[in-house]
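Residue numbers begin at 1 in each chain, while the letters A, B, ... track the order of the sequences. The analysis underlying the following values was restricted to heavy atoms, covering all of them including side chains, and did not include hydrogens, waters or symmetry mates.
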Protein chains: 2
Amino acid sequence: MRNTQATQKIYDIIKDSEIALSHSEVQNMLPEGFCDRATIYRVLERLAQKGSIHKIVNVDGVINYAACEYAANTPSATHVHFNCERCQTVTCLEEIKPNFTLPKNYKIHQSNFVLSGICPNCSAN
Amino acid sequence: MRNTQATQKIYDIIKDSEIALSHSEVQNMLPEGFCDRATIYRVLERLAQKGSIHKIVNVDGVINYAACEYAANTPSATHVHFNCERCQTVTCLEEIKPNFTLPKNYKIHQSNFVLSGICPNCSAN
DNA sequence: ACTTTTATTGCAACACTGTTGCATTTGCAA
DNA sequence: TTGCAAATGCAACAGTGTTGCAATAAAAGT
Ligand SMILES: [Mn+2]
Ligand SMILES: [Mn+2]
Ligand SMILES: [Zn+2]
Ligand SMILES: [Zn+2]
């Protein structure tokens with residue numbers, strides 16, 4: 001993977017963000033006309049492939065991206081995500097790893113756990 | 001909610017299905033030209049609102065629908081869903097209810113738990 | 001430095017999912 | 001049967017994401 005301007009900047013945006021970001025949010029955080037829409041999609045896909053970020057499919061079907069806490073690992077360490085319906089943010093709850101056991105022989109390649117409601121911040125205000 | 005042809009037929013299709021169905025799958029199972037695309041979307045939304053079916057957002061962001069096991073209840077009884085990458089099916093695993101505890105004061109309105117991989121059937125073949 | 005290779009990009013067109021406004025139809029209750 | 005509101009058809013739209021292809025730019029080789 002080449003170290004291009006787009007890759008750098010987009011990864012920085014996601015890494016520096018407290019919350020998970022959708023494609024359109026990333027686009028809005030980039031300087032006007034910095035790069036093409038398609039490039040953003042491709043960069044995000046590449047970063048996810050590489051394992052430096054991970055995808056979260058929100059309850060509305062829109063994909064969000066967050067940097068992976070532990071650099072090159074735990075791709076499938078199934079943690080929960082929270083979508084706040086008031087402040088419209090998606091956050092990784094890295095500590096919350098639900099406990100469950102699948103029957104028979106299911107092979108898990110990926111997972112997507114999302115809770116939606118009101119976050120503590122918004123509950124307080 | 002009125003008992004229309006579209007409502008009846010679409011609900012029957014979902015109720016009688018072993019697997020969760022997407023909008024396009026429902027459409028393909030209806031007689032050619034039975035009703036408009038928009039109507040299907042509206043019916044599905046209505047049935048979900050009413051609580052006779054529930055939504056599952058798949059890992060690709062596409063919404064699937066499944067009849068609710070226990071008629072008019074357990075809207076949020078958070079069970080897991082499985083998406084098989086080989087046979088392209090989404091199934092409710094009603095028995096599998098992950099255990100987790102959220103910190104602070106999160107208010108949960110809805111949840112979406114999906115695992116993706118290879119189902120037992122496809123593993124065997 | 002210059003050349004070469006090829007990963008990455010821009011562009012533009014596309015597919016797909018889902019939504020909406022509005023006129024018309026239809027279920028259902030009075 | 002009549003009247004009303006819910007539901008529908010249609011057609012246009014918005015948003016997300018993908019793709020083919022020619023042009024560009026990393027980065028490795030010379
Ligand atoms: Mn996460
Ligand atoms: Mn289910
Ligand atoms: Zn919030
Ligand atoms: Zn399968």
At 10 degrees resolution, what angle do the end axes of the helix from C:dA1-D:dT30 to C:dA30-D:dT1 form when each is taken over five base pairs? 30°
Nearest whole Å is fine: how far is C:dT26 C1' from B:Gln5 CD? 10 Å
Rounded to the nearest 0.5 Å, what separates atom CD1 in A:Ile63 from atom CG in B:Asp60? 8.0 Å
Measuring from atom CD of A:Glu25 to atom OG1 of A:Thr89, what distance do you get when rounded to the nearest 0.5 angstrom? 9.0 Å
Between atom CG in A:Leu44 and atom P in C:dT9, what is the gap in whole Å? 11 Å
State, to 0.1 Å, how close B:Phe34 and B:Gln5 come at their nearest heavy-atom pair, and which atoms those are. CZ-O, 3.9 Å
Using a cut-off of 4.0 Å on non-hydrogen atoms, how would the nucleic acid contact of B:Ala38 be classed: base, sugar-phosphate, or nothing? base
Reading DNA chain C from 5' onward, which residue's closest nucleotide shows up sooner: B:Glu45 or A:Cys35? A:Cys35
Rounding to an integer number of Å, can you tell me how far B:Gln49 CD sits from D:dA7 P? 12 Å
Nucleotide C:dT9, atom C1' - distance to CD of A:Gln8 in whole Å: 15 Å
Out of C:dT9, D:dG17, C:dT8, which has the shortest distance to the side chain of A:Tyr41? D:dG17
Examine C:dT9: is either OP1 or OP2 under 4.0 Å from a nitrogen or oxygen in the side chain of A:Arg46? Give yes or no. yes
Closest-nucleotide ordering on DNA chain D, the 5'-leading residue of B:Asp36 and A:Asp36: B:Asp36
Which residue lies more 5' along DNA chain D, comparing B:Thr39 with B:Asp60 via nearest heavy atoms: B:Thr39
Looking at A:Thr4, I'd like to know whether one of its side-chain N or O atoms comes within less than 4.0 Å of OP1 or OP2 on C:dT8. no
Looking only at the side chain of B:Arg42 (C-beta and beyond, no hydrogens), which of the listed nucleotides D:dT16, C:dA7, C:dC22 gets closest? C:dC22
Atom pair distance, as rounded to whole Å: CG in A:Asn3 and C1' in C:dT6: 16 Å
Using the side-chain heavy atoms of B:Arg2, tell me which of these nucleotides is nearest: C:dA7, D:dG17, D:dC4. D:dC4
Nearest-nucleotide pick for B:Arg37, side chain only, options being D:dT16, C:dT17, C:dT9: C:dT17
Using the six-membered ring wherever Trp is involved, compare the ring planes of A:Tyr41 and A:His23 and label them parallel, tilted or perpendicular (cut-offs 30° and 60°). parallel
Mind telling me whether A:Phe113 and B:Phe113 have parallel, tilted or perpendicular rings, with 30° and 60° as the class edges? parallel
Determine whether B:Ile14 and B:Leu44 satisfy the following criterion, side-chain contact (heavy atoms from CB on, under 4.5 Å), listing intermediate values before the conclusion. CA-CA 10 Å; B:Ile14 293 176; B:Leu44 290 171; 3.4 Å; yes
Length of the line joining B:Glu25:CD and C:dC16:P, which is rounded to integer Å: 14 Å
In whole angstrom, give the distance that lies between atom CD1 of A:Ile63 and atom P of D:dG15. 17 Å
A:Asn58 CG to C:dG18 C1': how many Å, rounded? 16 Å
Backbone N or O of B:Val57 within a donor-acceptor pair of the B:Asn112 side chain at under 3.5 Å? yes
Please evaluate residues A:Thr91 and A:Glu18 with respect to the criterion side-chain hydrogen bond (donor to acceptor under 3.5 Å, both in side chains), reporting the C-alpha separation (whole Å), side-chain torsions for both, the decisive distance (0.1 Å), and the verdict. CA-CA 7 Å; A:Thr91 25; A:Glu18 293 288 315; over 6 Å; no
